[in-house]
Amino acid sequence: MRTFVLDASVALTWLLGDGSDPIAERVLDRLKDRSALVPAIWELEVANGLVVAERTKRSTLARSTRFLELLAALPIETDAAARGAALLPIARKANVSVYDAGYLELAMRTGAPLATIDRRLKAAAETLGVASL
């Protein structure tokens with residue numbers, strides 16, 4: 001099964017978007033026959049996105065809980081190999097946060113393309129020669 005690196009921005013769009021984001025929809029469709037890799041920070045970013053959505057009334061506790069159940073059923077594998085010291089040079093070179101560097105490092109290390117709707121992260125991937133979906 002071929003893999004790709006999944007950014008939290010895509011996953012949160014599945015819950016919070018209106019279903020009209022073509023990139024997010026294509027990525028979800030790809031999970032039918034592919035698996036996704038995520039850095040360890042991914043779960044925290046998704047959880048933070050959910051609590052912010054609840055606070056701003058874009059989601060409810062029930063919807064967030066159900067969404068987490070649905071995510072758990074998808075072929076998403078967490079990779080914990082990256083360490084902060086390895087991410088610093090990537091963050092500096094691409095001018096992104098260390099958190100975003102985690103996605104870039106994972107894509108670079110595995111050769112898997114990056115799935116993101118974050119424009120800044122996509123631009124950083126291009127700068128580093130990381131393929132995007």
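- The heavy-atom pair separating Ala94 from Ala124 by the smallest distance is CB-CB, 3.8 Å.
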| Working for side-chain contact (heavy atoms from CB on, under 4.5 Å), residues Leu106 and Trp42 | CA-CA 12 Å; Leu106 182 55; Trp42 185 83; over 6 Å; no
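- Partners of Asp118 according to the salt bridge (Lys or Arg N to Asp or Glu O under 4.0 Å) rule, which considers only residues two or more places apart in sequence or in another chain, do not exist here.
- Asp29 pairs with exactly one of Arg26, Glu25, Lys32 by the side-chain contact (heavy atoms from CB on, under 4.5 Å) rule, that one being Lys32.
- Applying the side chain to side chain contact (heavy atoms under 4.5 Å, CB included) rule to Ala81 yields the partners Asp79, Arg109; only residues at least two apart in sequence or on another chain are considered.
- Distance check, rounded to the nearest 0.5 Å: CG of Leu31 to CD1 of Ile76 gives 6.0 Å.
- The shortest side-chain heavy-atom distance between Leu74 and Leu28 falls under the 4.5 Å cut-off.
- Counting only residues at least two apart or on different chains, the salt bridge (charged side-chain N to carboxylate O under 4.0 Å, His left out) pairs with a member in residues 45-66 are Arg66-Glu69.
- Taking every heavy atom of both residues into account, Pro113 and Thr3 meet most closely at CD-O, 3.7 Å.
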| task | Give the intermediate values and the outcome of side-chain contact (heavy atoms from CB on, under 4.5 Å) for residues Val10 and Phe4. | result | CA-CA 12 Å; Val10 174; Phe4 59 90; over 6 Å; no
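- Connection of Leu87 to Val38 is not established within any shared hydrophobic cluster, with ILVMFWY side chains joined at heavy-atom distances below 4.5 Å, either directly or through further cluster members.
- The minimum heavy-atom distance between Ser132 and Ala125, with the atom names listed, is OG-CB, 4.1 Å.
- Residues meeting the side-chain hydrogen bond (donor to acceptor under 3.5 Å, both in side chains) test with Thr78, sequence neighbours left out: Glu43.
- Residue pairs meeting the salt bridge (charged side-chain N to carboxylate O under 4.0 Å, His left out) criterion with at least one member in residues 124-133: none, sequence neighbours excluded.
- No side-chain heavy atom of Leu50 sits less than 4.5 Å from a side-chain heavy atom of Leu16.
- The hydrophobic clustering, which links ILVMFWY residues whose side-chain heavy atoms are closer than 4.5 Å, places Leu44 and Val51 apart.
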| field | Steps toward side-chain contact (heavy atoms from CB on, under 4.5 Å) verdict (Tyr103, Thr116) | value | CA-CA 10 Å; Tyr103 294 96; Thr116 185; over 6 Å; no
| task | For side-chain contact (heavy atoms from CB on, under 4.5 Å), just list the numbers for Leu104 and Leu121, CA-CA rounded to whole Å, side-chain angles, deciding distance to a tenth of an Å, and then say yes or no. | result | CA-CA 8 Å; Leu104 296 168; Leu121 184 54; 3.8 Å; yes
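- Residue pairs meeting the side-chain hydrogen bond (donor to acceptor under 3.5 Å, both in side chains) criterion with at least one member in residues 84-102: none, sequence neighbours excluded.
- Under a hydrophobic clustering in which Ile, Leu, Val, Met, Phe, Trp and Tyr are joined whenever their side-chain heavy atoms come within less than 4.5 Å, directly or via other members, Ile41 and Leu68 fall into the same cluster.
- Between the OG1 atom in Thr127 and the NZ atom in Lys122 there is a gap of 12.5 Å [rounded to 0.5 Å].
- Under the 4.5 Å side-chain heavy-atom criterion for grouping Ile, Leu, Val, Met, Phe, Trp and Tyr, Ile117 is connected to Val96 within one hydrophobic cluster.
- Two different hydrophobic clusters hold Leu114 and Val98 under the rule that ILVMFWY side chains link at heavy-atom gaps under 4.5 Å.
- Closest approach of Leu12 to Gly49, counting heavy atoms only: CD1-CA, 3.9 Å.
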